[in-house]
Each structure stands twice: as structure tokens, then as C-alpha cells.
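Quick notes on the structure that follows.
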Amino acid sequence: MSEIREVLARNAFRFNKRYGQNFITDTNLLDAIVADAEICGDDVVLEIGPGAGTLTARLARAAKRVVAYEIDENLRSVLAETLADSPNASVVFKDVTKADDAEIERAAGKRYKLVANLPYYITTPIIMRFIECENRPESITVMVQKEVGDRLVAEAGSAEYGAITAAVRLEGDATITRTVSRKMFYPSPNVDSCVVTVKMNDRYASVDKKKVKKLIRAAFAMRRKTLSNNLSAGFGISKKEAADAIAKAGFSADVRGETLDVDDFVRLSEFI
Ligand code: SAM
């Protein structure tokens with residue numbers, strides 16, 4: 001903790017609230033995240049938001065190579081200092097949302113793992129972008145707000161289950177690997193966090209994912225409506241057509257979207 005403060009002070013670094021800068025101070029937690037991401041010697045890691053570089057240096061120790069995207073130019077001198085002994089780590093000073101898929105592929109290659117402790121307001125769009133992109137990572141290990149983690153691993157029918165749960169499950173298996181107290185960060189955020197790992201798989205490779213995702217979005221559009229009403233609105237079909245598809249897929253007429261798991265959505269998509 002004092003070490004990070006000293007490096008930041010020495011480089012006259014000022015936190016920028018806009019960039020959600022809460023740096024991990026606990027060295028055991030940093031090691032645990034590297035272990036959760038299952039980084040080994042031939043891995044390339046794409047890190048988003050290296051901050052003071054404490055996680056980056058540990059990732060670099062475990063991996064073949066780390067490429068990190070950092071939006072804040074003011075961290076240049078801090079990172080030069082903290083990564084001085086990590087020749088296999090490089091930092092691109094750029095907003096990662098401005099880097100297109102081709103750039104990411106040039107930077108990280110075709111086989112890579114994504115690790116990120118990001119501002120919470122961009123975590124969900126980043127997860128969705130990377131699980132859906134053509135050159136998707138083998139796995140994503142991210143620090144997220146505890147409530148977001150609970151949503152990502154929720155069971156169908158539970159209050160936490162939502163469109164994002166089903167959309168992520170279409171691409172991989174999400175697990176909460178650890179919960180993290182707000183005290184582990186400097187400065188402390190006002191929420192608790194958890195680390196989530198999504199391991200990509202090809203379970204639904206032969207499925208029309210575009211259609212299934214449209215179905216998932218429609219099913220969760222209005223939570224209090226029945227699935228047939230939501231399908232009718234989302235697909236621009238009559239209520240009878242929606243009801244027929246639901247019956248053919250083997251669900252009851254009054255079924256609600258939030259009770260269906262991904263296999264159910266895939267089956268239903270075949271009848272629409
Ligand atoms: N990884 C470090 C750690 O765990 O201590 C820092 C985590 S801090 C929560 C988030 C970091 O992401 C900050 O360094 C911030 O400047 C950076 N960041 C925020 N938005 C970003 C973006 N769009 N692209 C790249 N980096 C971003």
C-alpha cells in the first residue's frame with residue numbers, strides 16, 4: 001500500500017475521477033487474480049486499465065507477454081517506473097474503446113487472455129464487446145461490482161438473472177472466483193467487488209447467435225409481460241405467431257422470459 005502511494009507521489013500523479021481510478025493495494029489479491037486468470041508461460045495477456053502497473057507486473061511475471069491499454073497519459077512515468085523490470089510488458093496509451101478489433105488483434109494476436117480491473121461504468125460494455133468480437137479472448141477475468149458479478153452467474157428464474165446473464169452464457173462459462181472488499185483499493189470505492197472469470201467455449205457454435213440474442217433482448221424487454229407479448233413486440237409478429245412458437249418449443253402459454261435458460265432460448269429460436 002505505502003509502496004503504491006510512494007510511487008504515485010514521486011511521480012506527482014493526481015487521480016482522475018473520470019477514469020474510475022481505484023488501484024489494488026493488496027499484493028495477495030494481485031497474485032490471486034493472476035491465479036484466477038490461469039496465466040501460464042505461453043500466454044499473451046491483454047490487460048485493460050493497468051493503472052499503477054501492479055497487476056501488470058505480476059501478469060508479466062507469469063505470462064509470455066502483456067500488452068496493456070491505459071487511457072490516462074498521466075500514468076506514463078508511473079508505469080515506466082513500475083514496469084522497468086518487466087521487459088515483456090508494453091503499454092498503449094489509448095482509450096481501449098477507440099481500438100477496433102483489427103488493432104486488438106495486431107496488439108495481442110489471435111490467442112490471448114483478457115484481464116481487467118476497470119471503472120465499473122464500462123465493465124459490462126467491455127465484457128460484451130470482447131465476448132462477442134471475432135477475435136475473442138480465450139478467457140476474460142475482470143473485477144466487477146459485486147451485484148454485476150451476481151448477475152453474470154445467476155440461475156434462470158432468480159431475481160439477478162437477466163439478458164446479460166443469458167448473453168454471456170451463450171459464449172462461455174462465468175464463475176465468481178473471489179469476492180473483494182472495498183478496503184483492498186486505494187482510494188476505496190463505495191461498493192464491494194468480485195472477480196469473475198468467463199471461459200469461452202464453442203457449445204453454441206452452430207447456433208444462429210444473432211437470432212438467439214435478439215430473442216433474449218426481446219424476452220427481457222419488459223419483465224412484467226409474458227414471453228408471448230415480448231416476442232410479439234420484439235420480432236414484429238402477431239401474438240398468435242408468438243404463442244405458436246412458444247407452444248411448439250414446449251413451453252406453457254404464460255411462461256416468462258426470465259425463467260428460460262440459454263438452452264431454452266436456443267430451442268425457442270428455432271421456432272420463430
Ligand atoms: N489495474 C489497476 C489496478 O488494479 O490497480 C488499475 C485499476 S483502475 C480501477 C482502472 C484503470 O483503467 C485506470 O488506470 C484508468 O485510468 C483506466 N481506464 C479507464 N477507462 C479506460 C479506457 N477506456 N481505456 C483504457 N483504460 C482505461
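Note: hydrogens, waters and symmetry copies are ignored here, and every other heavy atom, side chains too, is used. Counting starts at 1 for both ligands and their atoms, in listed order.
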For ligand 1, the residues whose heavy atoms come within less than 4.0 Å (ordered by chain, then number):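 Under the 4.0 Å cut-off, ligand 1 touches Tyr19, Gly20, Gln21, Asn22, Phe23, Ile24, Glu47, Gly49, Pro50, Gly51, Tyr69, Glu70, Ile71, Asp72, Leu75, Lys94, Asp95, Val96, Asn117, Pro119, Ile122.
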Same apolar cluster: Leu55 and Val45, side chain cutoff 4.5 Å: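 As far as the 4.5 Å side-chain criterion goes, Val45 and Leu55 are connected within one cluster.
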Hydrophobic cluster membership, Met184 vs Tyr120, 4.5 Å side-chain cutoff: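 Yes; Tyr120 is reachable from Met184 via cluster members.
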Test side-chain contact (heavy atoms from CB on, under 4.5 Å) applied to Ile24 and Val180, step by step: CA-CA 10 Å; Ile24 299 172; Val180 180; over 6 Å; no
Parallel, tilted or perpendicular: rings of Phe23 and Phe15 (30°, 60°):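 Phe15 vs Phe23 ring planes: tilted.
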Heavy-atom side-chain proximity of Leu79 to Pro50 below 4.5 angstrom: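 Side chain of Leu79 against side chain of Pro50, heavy atoms only: contact under 4.5 Å found.
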Tyr204 and Phe265 aromatic centres sub-6.0 Å: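 Tyr204 vs Phe265: aromatic centres not under 6.0 Å.
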